[in-house]
Asks: 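My questions will all concern the structure given below.
Here is the naming used below: chain letters follow the sequence lines, and residue numbers restart at 1 for every chain.
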Protein chains: 2
Amino acid sequence: MRITSSIEYATRLMTALARAHGGAPVPAERLSESDNVPTDYVSQILLKLKRAGLVSSQRGSSGGYVLSRAPEQITLAQVVRAVDGDVFEDVCEKYHGGAKDCRHQDGCSISPVWQKLGALVTGYFEGVTLAAIAAEAPAACGAEPKWLAALAAEPQRRTT
Amino acid sequence: MRITSSIEYATRLMTALARAHGGAPVPAERLSESDNVPTDYVSQILLKLKRAGLVSSQRGSSGGYVLSRAPEQITLAQVVRAVDGDVFEDVCEKYHGGAKDCRHQDGCSISPVWQKLGALVTGYFEGVTLAAIAAEAPAACGAEPKWLAALAAEPQRRTT
DNA sequence: ACCATTCCCGACTCTTTTAGTCAAGAATCG
DNA sequence: CGATTCTTGACTAAAAGAGTCGGGAATGGT
C-alpha cells in the first residue's frame, strides 16, 4: 500500500465532484485545472472510477462527470480499489519462501502482523466518506494537526 | 508505505535473531537458509540494520549477528525505518499541485486524511515489538485469522 | 447535416524504484 | 597462515509508476 499519484488524484477529483454534487456535470478539463492534475491523466483516472460505478458521465457539449451516488455513500476504500486494485495486497504470496511454505520455515508469526496492518488500513479507508473529506477543515501543510496530538494521547489500542 | 521485500526479509531476520537471542552469533549464511532469503541479499539488509544500531556483528570463524538490544526493546517501526527510510512518506510534497500550494486549490481537506493514515500505521508499527512477533501464534496463510473477526466486531474508532 | 464539445480507450514512452547479484577487501579466530 | 565471516560499493535486470498521444465515438446546438 502506497499513496500513488492515482490515488491522490482520484481523491482530489472525487472531492471536487462531491462539492459539485447536485449541480451540472463537470468536464474533465475543468477538474484538471481546479485540482492541478495533468490533463490527459484525468480522463484515465475518471475512466477507472466510472468502471467501478462511482461516477457517471455525459458526453457532448455540456457533458462531464457526476458522482453516481451521494458523497455519504462513497468511501475512500471504494475509490482506492477503483484505481489501484486491492487496498492492501497479500504480502504472503510475494517473496522468496512465501506462499507454499508460507510459514517461512519457523512457523509464520509474521504474516498475521501484515494482515492486521492491512485490516487496520482497510478499516480506516472504509470509515472515510467523500462527504467527510469535503467537510473536513483545511490543514496547513506541514503544520502539526490537532488530531495528531489527540491520537497520541489516546490509550494505545492493543495490538496483540 | 508498501511491504517491500526488504521489510519482509528484515522482519524475518530480526525475528530469527530474536529467537536466538542470548545464544551465539548467527552467521548470515545460516539466516539465509532458515528464513528463505536470497543469500547475498541477507548481508545487505543486515548491514542496514547494523547501521541503524539494531544488530551488532562479529567477524571471523564463529562470528555472525546478534541483536544489540533485547527483543522487547526493538519495535517494528525501527526495523522498517532502518531498511526503507520513513515508515510513511509525506504525500503532500510528491505530486502535481502539492507542497507550494498544498491546498490543492480548494483548501486541502485531503492531506489530513493521509496524515491520519500515516499516524495510524506508524503507531501500529511502534506498538509491535520483536518479542511480540516471536511469541505470536503461527497462522495458516490465507486462513481467516481470529483477530480479524474481533476487529470487525470492535466499535469503530472515530476518524474525524 | 454539420460542427464543436466531450468522453472513450488502448498503446506507448520515460523514469524511478525494487530486487537481487557480484566481486574485491578487511577483520578475526584458531 | 588460512579459513571463516562480515563490509561495501557497483552493477544489472525487471517491474511499477507517472504521464503522453492520437484516433474514435457519442451528444448537443444551430
Side-chain angles (χ1 to χ4, degrees), chain A residues 1-13 17 24-33 35-66 68 80 83-86 89 91 93-98, chain B residues 1-13 17 24-33 35-66 68 80 83-86 89 91 93-98:
Chain A
M1 168 75 261
R2 174 185 158 205
I3 308 303
T4 61
S5 65
S6 295
I7 295 180
E8 160 75 12
Y9 294 156
T11 309
R12 290 190 206 169
L13 298 175
L17 287 179
V26 187
E29 180 71 22
R30 182 118 47 90
L31 287 170
S32 165
E33 285 160 12
D35 288 317
N36 259 312
V37 179
T39 319
D40 289 305
Y41 210 8
V42 170
S43 320
Q44 215 179 55
I45 293 169
L46 283 170
L47 190 57
K48 288 187 185 171
L49 293 168
K50 182 189 170 148
R51 286 189 179 138
L54 300 180
V55 304
S56 53
S57 57
Q58 174 66 27
R59 299 204 234 200
S61 302
S62 56
Y65 295 88
V66 292
S68 50
V80 171
V83 297
D84 260 26
D86 280 335
E89 81 284 8
V91 177
E93 304 251 333
K94 282 184 67 173
Y95 306 117
H96 260 58
Chain B
M1 170 75 261
R2 173 187 157 204
I3 309 302
T4 61
S5 66
S6 295
I7 294 180
E8 161 76 11
Y9 294 156
T11 309
R12 289 191 207 168
L13 298 173
L17 287 178
V26 188
E29 181 70 22
R30 182 119 47 89
L31 287 170
S32 164
E33 284 160 14
D35 287 319
N36 259 313
V37 180
T39 319
D40 289 305
Y41 210 8
V42 170
S43 320
Q44 217 179 52
I45 293 169
L46 283 169
L47 191 57
K48 288 188 184 171
L49 292 168
K50 183 192 168 146
R51 288 195 176 133
L54 300 180
V55 305
S56 53
S57 58
Q58 174 67 29
R59 298 203 235 198
S61 304
S62 56
Y65 296 89
V66 292
S68 49
V80 171
V83 297
D84 259 28
D86 280 334
E89 82 284 5
V91 177
E93 305 249 336
K94 283 182 66 174
Y95 306 116
H96 260 59

Asks: Test your reading of the model: is there a side-chain donor-acceptor pair from Ser32(A) to the backbone of Val37(A), 3.5 Å cut-off?
Replies: yes
Asks: Looking at dG25(C), dC7(C), dA18(D), which one has an atom nearest to any side-chain atom of Arg59(B)?
Replies: dG25(C)
Asks: Side chain of Arg51(B), heavy atoms from C-beta onward: which of dG28(D), dT7(D), dG9(D) has the nearest atom to it?
Replies: dG9(D)
Asks: Given dA19(C), dT21(C), dT7(D), identify the nucleotide with an atom nearest to the side chain of Asp40(B).
Replies: dT21(C)
Asks: I'd like to know if Gln58(B) reaches the base of dT4(D) with its side chain, counting only an N/O donor and acceptor under 3.5 Å.
Replies: no
Asks: Short question: side chain of Arg2(B), backbone of Arg2(A) - any donor-acceptor pair under 3.5 Å?
Replies: no
Asks: To the nearest 0.5 Å, what is the distance between OG (Ser56(A)) and CG (Leu49(A))?
Replies: 11.5 Å
Asks: Would you say that Ser57(B) contacts Tyr65(B) through its side chain, given a criterion of any heavy-atom pair below 4.5 Å between the two side chains?
Replies: yes
Asks: Calculate the interatomic distance between Ile45(B) atom CD1 and dG20(C) atom P; express it in whole Å.
Replies: 9 Å
Asks: Under 4.0 Å, heavy atoms only, any strand: does Arg30(B) hit a base, just the sugar-phosphate, or nothing?
Replies: nothing
Asks: Give a yes/no answer on whether the side chain of Tyr9(B) brings an N or O atom under 4.0 Å of OP1 or OP2 in dA19(C).
Replies: no
Asks: Quick one: is Tyr41(A) getting a side-chain N or O under 4.0 Å of the dC9(C) phosphate, OP1 or OP2?
Replies: no
Asks: Round to a whole Å and report the spacing from CG of Leu31(B) to C1' of dT4(D).
Replies: 16 Å
Asks: Does dG19(D) have OP1 or OP2 under 4.0 Å away from a side-chain N or O of Ser5(A)?
Replies: yes
Asks: Let's see if you can work this out: which of dT7(D), dT5(D), dA18(D) has an atom nearest to the side-chain heavy atoms of Pro27(B)?
Replies: dT5(D)
Asks: How would you label the contact of Glu29(B) with the nucleic acid (heavy atoms, under 4.0 Å): base, sugar-phosphate, or nothing?
Replies: nothing
Asks: Does OP1 or OP2 of dC8(C) have a side-chain N or O of Lys50(A) closer than 4.0 Å?
Replies: yes
Asks: Given dC8(C), is OP1 or OP2 found less than 4.0 Å from the side-chain N or O atoms of Ser57(A)?
Replies: yes
Asks: Whole angstroms only, please: what is the CG-P distance between Leu47(B) and dG9(D)?
Replies: 8 Å
